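Just so we're clear, the structure is a prediction, and the values are computed from it rather than from any experiment.
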Amino acid sequence: VRRFQLLTLLVVMLAAPAWPTAPGAGAAAPSFVGLGDSWAAGPIIPLYEAPYGCLKSTNNYAHLAAPRLGLPLRDASCSGGETEDMTAPQGVTPGPNPPQFDRLDADTAVVTLLVGGNDIGFSSIAQGCASPTPLGQPCQDRYIVNGHDTLQDRIDATGPLVGEVIEGIKTRSPNAAIFVLNYAAIFPHTPGPLGDIGCYPQIPVAHADVPYLRSVQVRLNDMLATQAAAHGVQLIDVYAASVGHDACQPPGLRWIEPAVPASPAAPVHPNLVGMLAMADLVVAAAS
């Protein structure tokens, strides 16, 4: 493993594009820092880099965008990452992943951030809303209690945490261009020929729960947009760009894999097509 890591590091160093440094001995080069959760890390998309418990792909959008921007990359993203993992180690095996903010410094030129989904419980929501039948509305029955949407509570509570993350980036990297990404569409954005029912069983969510779960994702993305605007940084609207490329679309067109992936990617996560598209959006915004 050590020999592989040494070889990988050597290849990255040799392949890194030249970037002019400021005059003076020991001047640091500007860098690109990628922060975020599994939708940034790219689990199951080959290949991987340490710490391997993060399931961090060398074909995620940060890795794909950095050479095109002419910047060396420090990719801190990690599957399962939450806002708290920006400033504290994240326990992965083998690990841990150091605090993601450790990759930031005063010479950082570009930062991308995609976080918040795990703070509201993406994984538990996916499990809690999976249904053995397309009938009923088990997801709403679980999360709407006496007419009160508990997932909205989670989104509201996560908003200030995302704002604190943005301010933390600005403090550590005051000269960086900061870009907040949101989450690509999981479900079709508009009803299909049979109605607004999703694509059971590719995404095993009851028909009646599809509009509700889409609204949860839209509200999460709206929160990210609100926080980006409130803290003076740019939003990269991945969701808008991904309409028509949701997990119900055929391979090659979709950016997100369904519950049983057809290409190397984690279930209900971006695939390589999605990562390439997200890299295009990052490059366009940062150029």
Side-chain angles (χ1 to χ4, degrees), residues 1-2 4-6 8-13 15-17 19 21-22 26-43 47-67 69-119 158 160-181 224 227-228 231-234 236 282 286:
V1 173
R2 291 180 180 175
F4 172 77
Q5 289 175 299
L6 181 60
T8 301
L9 178 60
L10 180 61
V11 170
V12 170
M13 291 175 64
W19 185 269
T21 59
S31 63
F32 177 170
V33 175
L35 306 173
D37 56 26
S38 56
W39 282 53
L47 298 167
Y48 310 115
E49 67 177 20
Y52 298 110
C54 284
L55 300 177
K56 180 169 51 180
S57 171
T58 55
N59 281 306
N60 62 29
Y61 63 78
H63 277 83
L64 295 168
L69 293 173
L71 291 169
L73 175 66
R74 303 173 187 171
D75 187 4
S77 63
C78 190
S79 296
E82 300 181 19
T83 52
E84 66 181 12
D85 299 314
M86 301 299 117
T87 55
Q90 182 181 345
V92 295
T93 304
N97 190 40
Q100 294 196 26
F101 276 1
D102 283 5
R103 281 72 155 192
L104 298 169
D105 60 29
D107 297 299
T108 301
V110 172
V111 180
T112 53
L113 173 68
L114 177 52
V115 74
N118 290 321
D119 290 80
T158 300
L161 302 179
V162 173
E164 290 176 6
V165 169
I166 296 171
E167 289 301 317
I169 297 169
K170 293 167 70 174
T171 298
R172 291 163 176 80
S173 302
N175 299 315
I178 302 168
F179 302 95
V180 174
L181 285 75
L224 295 174
Q227 291 300 320
H231 295 275
V233 301
Q234 183 174 340
I236 296 179
V282 170

Exercise for review: Work out which heavy atom in Gly80 is nearest to a heavy atom in Asp85; give both atom names and the distance.
Suggested key: O-OD2, 3.9 Å
Check your understanding: Roughly how far apart are Thr58 OG1 and Leu64 CG, rounded to 0.5 Å?
Key -> 8.5 Å
Review point. Just how far is it from atom CG of Asp105 to atom OG1 of Thr108, taken to the nearest 0.5 Å?
Key: 4.0 Å
Practice item. Check for a donor-acceptor pair, side chain of Arg103 on one end and backbone N or O of Arg74 on the other, with a separation under 3.5 Å. Key: no
Review point. Checking side chain to side chain donor-acceptor pair (under 3.5 Å) for the pair Asn60/Asp75: CA distance, chi angles, key distance, verdict?
Key: CA-CA 10 Å; Asn60 62 29; Asp75 187 4; 2.8 Å; yes
**Study point:** Side-chain donor or acceptor of Ser57 paired with backbone N/O of Ala41 under 3.5 Å
**Key:** no
Check your understanding: So how far is it from Ile169 CD1 to Leu113 CG, rounded to the nearest 0.5 Å?
Key -> 4.5 Å
Revision key, fill the gap. Looking only at heavy atoms, the pair that brings Ala76 and Leu35 closest together is CB-CD2, 3.9 Å
Review point. Measuring from Asn97:CG to Tyr52:OH, what's the distance to the nearest 0.5 Å?
Key: 13.0 Å
Check your understanding: Does Lys170 reach the main-chain N or O of His231 with its side chain, forming a donor-acceptor pair under 3.5 Å?
Key -> yes
**Study point:** Check: Ser79 and Cys54 side chains under 4.5 Å, non-hydrogen atoms
**Key:** no
Point to revise | Beyond-backbone contact of Val92 with Cys78, side-chain heavy atoms, under 4.5 angstrom | key: yes
Check your understanding: Hey, does Phe32 have a side-chain heavy atom less than 4.5 Å from the side chain of Thr112?
Key -> yes
Practice item. Of all the heavy-atom pairs spanning Val162 and Gln227, show the shortest one and how long it is. Key: CG1-CB, 4.1 Å
Point to revise | Shortest non-hydrogen contact between Ala29 and Asp107, atoms and distance | key: O-CB, 4.0 Å
**Study point:** Closest heavy-atom pair and its distance - Leu181, Leu114
**Key:** O-CD1, 3.1 Å
Practice item. Keeping the roles fixed (side chain from Asn118, backbone from Gly81), state whether a donor-acceptor pair exists under 3.5 Å. Key: yes
Study note, to complete from the structure: OG1 of Thr158 to CG of Leu224, rounded to nearest 0.5 Å, is 9.0 Å
Review point. Going from CD on Gln90 to CD on Gln100, what distance comes out if it is rounded to the nearest 0.5 angstrom?
Key: 6.5 Å
Exercise for review: Work out which heavy atom in Tyr61 is nearest to a heavy atom in Trp39; give both atom names and the distance.
Suggested key: CE2-O, 3.8 Å
Review point. Is it true that a side-chain atom of Ser31 and a backbone atom of Leu73 form a donor plus acceptor pair closer than 3.5 Å?
Key: no
